[in-house]
Amino acid sequence: MQLARLTSLLEKSLTTDQAKQTHCQIVVSGLNDLEPLLIRQTLNSAARYSPRTARYVKAILRRMQKPDVFATSFTIRYLSQHGQFREALSVYEQMHSSGLFPNTFAVSSALKACARILCKIGGLMIHGQVQKCGFCKVVFVQTALVDFYSKLGDMVIARKVFDEIRGKNVVSWNSILAGYVKYGDLAMAQSVFDEMPAKDVISWNSMVSGYARAKNMEQAYELFRRMPQRNSASWNAMITGYIECGKIELARSFFDAMPDRNNVSYITMISAYSKYGSVESAKELYDQMAEKDLLLYNAMIACFAQNYRAKEALQLFDEMLKPNVNVQPDKMTLASAISACSQLGDSKYGTWIETYMREWGIGMDDHLATSFIDLYAKCGNIDKAYELFKSLQKRDLVAYTAMILGYGINGRAKEAIELFEEMMDADIIPNLVTFTGILTAYNHVGLVEEGYRCFMSMQRHGLLPSQDHYAIVVDLLGRAGRLEEAHELIKNMPMEPHAGVWGALLLACSLHNNVELAEVAWKNCCELEPDSSGYHSLLANIYASAGRWDDAKRLRRSVEEKGLVKIPGSSWMECSESQQ
DNA sequence: TTAGGGTTAG
């Protein structure tokens, strides 16, 4: 009686709570053989991934009297299909250790998980097991292996496995095709594509995105035109290609022309606008989306953060956390939010993010740690920044740069220089930001010759110094009294200097009471930033120190007449100090 | 029940 009732219950969809109730009845009635069926129904009923469901099912699996292949493989499939690859592999491992022999379903799902997280050892071990147990003739397993080796970039083995498949289907062909495309071997990809007995929209999309990524848009468009059917991925591949080529307007015209834009289309366009500094265009597209998901939030928050609109980045971050929105941020969201905090010098918000990470069990990876290094350093907590830097698994260019810049702006020149040398020894090529950091460090301690040499070495690294780099060196030379040299440097700049460059010279003139050159610098500053009053006060002070009281008075009067009000200077250092 | 393409980061 009870068996019939429970069996009929297990034919319907089950929520996790219903599953729990049913499971109690199963255990009480001693009908434990129904547990696998319960797991299958529970997982099948979950429309989306639910960590709670996954936890519950894994708990039943662990406590089952008889471990069951059916239930375990179903769980592995569920986890792998919902992006929980590490979880999937841990259940696969448990399956082994409990003495169960995996079936083809478990094996192909586990291989997919290894492919997605690039777990080479795991995949190789499974391949070994597959060869022993004869699954190597099952097309699902073979195709999963082709995909695994393709994703790893080992096209020789991928091809070998592929050639052994009898009865290749379109998924098998697409897996090897995607491998060659990813590897950048378009000639092989084209030959596989030509050879395929049947092509579907994924085969065409792979080829289009291959040519688009190689910036061969003529060929990409030719294929796109010939495609028997297109889906949003086909359009997105073309959009990505045009963006890669810097043809953002052409990308936008494809975006506008596509029949069904999805989140990926929006995210691709938003991040392109972000890269080119068109924040308004990005925001316009973002506002068009009614349903905003995590990736869309990430794209827009990153756009604000990368374009120095930190306040708006944090506003959006706040919005996604509101109970009526409730989108759970991930590491990428947090990295952008931390970067925004850093720009604002807002260490309090940064601390709040740290607490949030602890509460939600979000671990610190190198990427996030680097964002925090940048934040701490800019808020003056350089020792804490270095503690984090030491804890990094791998020190890459961005980590070194954040730390060098941190030392630079905190006046710790010796450490900055040592770290710069360590970085060069590790064969990491510095970028423009690294040089900003190291030049700032030299400037802080007034190491003129060393700083100048470093600046001159930028070209050897294939880097064209920016206006900001010139401003630092002008400041460096100027503070040391080498005003003429500084002036010459400005005159020989390959681009138009911005007001900051002339401002650095003006400041140096005020330190060394050079009225004549100060007037030249001031004139340029005024042309470039007519609304700024700071330069006038600086020149007025220079006049005053030189005893030219009339000129000083005249200048101050003209400032008042023009209605220019001196805005008090503020910086992140002041902000962080006032917080302490 | 199992395998394939397109997006986001300091």
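Below, read A as the first sequence line, B as the second, and so on, with proteins coming before strands; counting in each chain starts at 1.
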As a test of reading the structure: which of dT1(B), dA3(B), dA9(B) is closest to the side chain of N169(A), going by heavy atoms? dA3(B)

Taken to the nearest 0.5 Å, the spacing of Q190(A) CD from L223(A) CG works out to 6.5 Å

Check whether the side chain of S232(A) and the base of dG6(B) form a donor-acceptor pair under 3.5 Å. yes

Provide the closest heavy-atom pair for D163(A) versus K168(A) in the form atom of the first, atom of the second, distance. O-NZ, 3.9 Å

Report the nucleotide, chosen from dA3(B), dG4(B), dG10(B), that has the shortest atom-to-atom distance to any side-chain atom of S108(A). dA3(B)

Within residues 270-301 of chain A, find the residues that approach DNA chain B with a heavy atom at under 4.0 Å, and present them sorted by residue number. S271(A), L295(A), N298(A)

What is the distance, rounded to the nearest whole Å, between atom CD of Q393(A) and atom P of dG10(B)? 20 Å

Quick check: closest heavy atoms across A220(A) and A212(A), and the distance to 0.1 Å? CB-N, 3.9 Å

Using a 4.0 Å heavy-atom cut-off across all strands, classify Y78(A) as base, sugar-phosphate, or nothing. nothing

Rounded to whole angstrom units, what separation is found between the NZ atom of K331(A) and the P atom of dA9(B)? 17 Å

Nucleotide of dA9(B), dA3(B), dG4(B) approaching M332(A) most closely (side-chain heavy atoms): dA9(B)

Quick one: the side chain of S175(A) and the base of dG4(B), do they pair up donor-acceptor inside 3.5 Å? no

Quick one: does L79(A)'s side chain get under 4.5 Å of Y49(A)'s, heavy atoms only? yes

Identify whether any heavy atom of R116(A) sits under 4.0 Å from a base atom; if not, whether one sits that close to sugar-phosphate; answer base, sugar-phosphate or nothing. sugar-phosphate

Without decimals, in angstroms, what is the distance between F304(A) CZ and dG10(B) C1'? 19 Å

Gap between atoms CD1 and C1', on I267(A) and dG6(B) respectively (whole Å): 11 Å

So D396(A), base contact, sugar-phosphate only, or nothing? Heavy-atom distance under 4.0 Å. base

Using atom NE2 of H82(A) as one end and atom P of dT1(B) as the other, report the distance to the nearest whole Å. 15 Å

When you measure from the side-chain N and O atoms of Q306(A) to the phosphate of dT8(B), is any distance below 4.0 Å, counting only OP1 and OP2? no

Touch class at under 4.0 angstrom, heavy-atom based, for N231(A) against every strand present: base

I'd like to check E319(A) versus I301(A) (side-chain heavy atoms, cut-off strictly below 4.5 Å). Are they in contact? no

Regarding Q81(A), tell me which of base, sugar-phosphate or nothing describes its non-hydrogen contacts under 4.0 Å with the strands shown. sugar-phosphate

At what distance, to the nearest 0.5 angstrom, does CD1 of I243(A) lie from OG1 of T268(A)? 6.0 Å

In a table with atom names and distances, give each donor-acceptor pair under 3.5 Å that connects a side chain of residues 120-130 of chain A to protein atoms at least two apart or in another chain.
| residue | atom | partner | partner atom | Å |
| --- | --- | --- | --- | --- |
| H127(A) | ND1 | Y149(A) | OH | 2.7 |
| Q129(A) | OE1 | Y92(A) | OH | 2.9 |
| Q129(A) | OE1 | H96(A) | NE2 | 3.2 |
| Q129(A) | NE2 | H96(A) | NE2 | 3.4 |

Does the side chain of V201(A) come within less than 4.5 Å of S234(A)'s, by heavy atoms? yes

Does F105(A) lie flat on the base of dT2(B), that is, centres under 5.5 Å apart and planes under 30° off? no

In residues 178-202 of chain A, which residues come under 4.0 Å of DNA chain B by heavy atom? A178(A), D200(A), I202(A)

Would you indicate which nucleotide in dT2(B), dA3(B), dA9(B) comes nearest to any side-chain atom of R77(A)? dT2(B)

Nearest heavy-atom neighbours spanning A113(A) and L89(A): CB-CG, 3.9 Å

Closest approach to the side chain of K112(A), judged atom by atom: which nucleotide of dA3(B), dG6(B), dG10(B) is it? dA3(B)

Are the charged groups of E312(A) and K283(A) less than 4.0 angstrom apart, N to O? no

Look at K384(A) together with E387(A) and state whether they make a salt bridge at an N to O cut-off of under 4.0 Å. no

Which part of the nucleic acid, if any, lies within contact of T104(A), taking any heavy atom under 4.0 Å across all strands shown: a base, the sugar-phosphate backbone alone, or nothing? base

Side chain D366(A) and base dG10(B) donor-acceptor under 3.5 Å: no

Could you state the CD-P distance from Q343(A) to dA9(B), rounded to the nearest angstrom? 15 Å

